[in-house]
Amino acid sequence: MNPKLKLFLLIVISTSIIFITDLFLMSLIFITVISIVLLLKIHTRLLEWIKPILIVSVFVIILQSFTHTPIKFTTEGLLFGIVISLRLLTLLTLVFALVSTTKPKELTDGLSFLPREIGLMLMLSLTLLPVVKDVIVKIMNAQRVRGLNFRSPNIFKTYFPILVPLFSKTLEGSNRLALAMEARGFEIK
Amino acid sequence: MEITVKSLNFSYTKKKILKNISFKIEGGEFVGLVGSTGCGKTTLAYCLNGLIPNSIKGKFSGRVMINDFDTKKHKVSEMARRVGFVFQDPDWQIFSLSVKDEIEFGPRNLGLDKINKRVKNALKIVGLNGLKNEEPNQLSQGQRQKVCIASVLATDPEFIILDEPTSQLDYKNSKNIHNILKKINKEGKTVFLIEHDTDFLAEYCSRILVMNDGRIVKDNTTKKVFSDVRLLKKTGIKIPTVMT
């Protein structure tokens, strides 16, 4: 499918689902999107990717169930929570399907109608993802060999030694990238 | 092409990084810059293409002239036509999704013509013919550094600065990059190479600048600089194998 058409569909569907509050309709859209994922045979990777979001979804349902009417369980709240969760899952599944079935180059070609600066910004985010991922792996390994326990219940203690060098490294890197672009004549008019 | 640096001083904060630096590079020279880590080599290189003081702020005094162009009075994008800059780490330079797009980036920014021909020539010089449609992420580190060099060559600058371009490469790939630089220099480009490996500098450069604690402490022919064992020991620079 043409990447421009894919992007167009993603924008239309994700905008429309924001306005859907009917559980039946939302479930129908979700089932359709999941069927597409099954047809594309990318469901195994989707499951791995979406696991943390499933936890968030359950949390949203519980929260909505008890906060629709302040601090009291209501069926309306439960149903509304399910709609919000389905909305979130549908949206992320659609983004996943788009990214999995479209090469980054095709994706940026699909964005060619945007102003050059915005297209470049989106392309930078796409191409630098593997670099940042590599940095994260290196930092995690460096902290692991120094005895950092990733299963520790203290999230602050676990993630602080990763986030600090990650921010510093990515900021330093993005600054260098900006200099490299400027040295090749790039400027924002 | 002539580069003149006169009484150059620079500091990011209170601490002076560059201290009263003056030298002149004639067109067609192959000059090496060597010095211990943190002595100000990269900062000096940033001054030569106008990144300092135009994009990187700090206390700047003195003059850097590229022919008649005062780097202080011209934007970096204007200097880019005359001075090419290759950074140390290709991972934070390359951002395009194909080798061709990456090499085209500079010429497009500068509004240059015959872009396809420029890309073809640049790829030929660095020996990457046939890879123009490849994704840079799929290339080896050596090939990625060559893409960076090609992307600078495509803008056809007269003066090329390279900041430790081989620091992440093995011997074979480093040698390959240095041979490319030699070829570029023979074609008339002025090359300014920051490098730790004195063996490579001894083999390829005609002139060496030695930097120590923000100052140029020696500026002479490669042979004379690398014969000064006392200075090399004092500044913590490895004596090249050919001299031992």
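These numbers come from a predicted model, not from an experiment. Just so we're on the same page: letters track the sequence lines, and every chain starts at 1.
Between A:Arg176 atom CZ and B:Trp92 atom CH2 the span is 9.0 Å, to the nearest 0.5 Å. Distance check: A:Glu182 CD to B:Phe85 CZ gives 12.0 Å after rounding to the nearest 0.5 Å. B:Glu78 CD to A:Glu187 CD: the interatomic distance, rounded to the nearest 0.5 Å, is 7.5 Å.
Put simply, of B:Leu110, B:Val86, B:Leu51, B:Asp91, the one with the most heavy-atom pairs under 4.5 Å next to chain A is B:Leu51.
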| request: Apply side-chain contact (heavy atoms from CB on, under 4.5 Å) to the pair B:Phe105 and A:Leu120, showing each step before the final yes or no. | output: CA-CA 11 Å; B:Phe105 181 73; A:Leu120 203 64; 4.2 Å; yes
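The environment of B:Lys19 atom NZ is dense: over 12 non-hydrogen atoms of other residues, nucleotides or ligands sit within 6.0 angstrom. The local environment of NZ in A:Lys6 is crowded, with over 12 non-hydrogen atoms from other residues, nucleotides or ligands closer than 6.0 Å.
Only the side chain of B:Asp101 comes within less than 4.5 Å of a heavy atom of chain A; its backbone N, CA, C and O stay farther away. Of the two parts of A:Leu179, the backbone and the side chain both hold a non-hydrogen atom closer than 4.5 Å to a non-hydrogen atom of chain B. Contact of B:Asn49 with chain A is made through the side chain alone, with heavy-atom distances under 4.5 Å.
In terms of heavy-atom proximity, A:Ala183 sits nearest to B:Phe87 at CB-CE1, 4.3 Å. Heavy atoms only, all atoms of each residue included: A:Gly185 and B:Ala80 are closest at N-CB, 3.6 Å.
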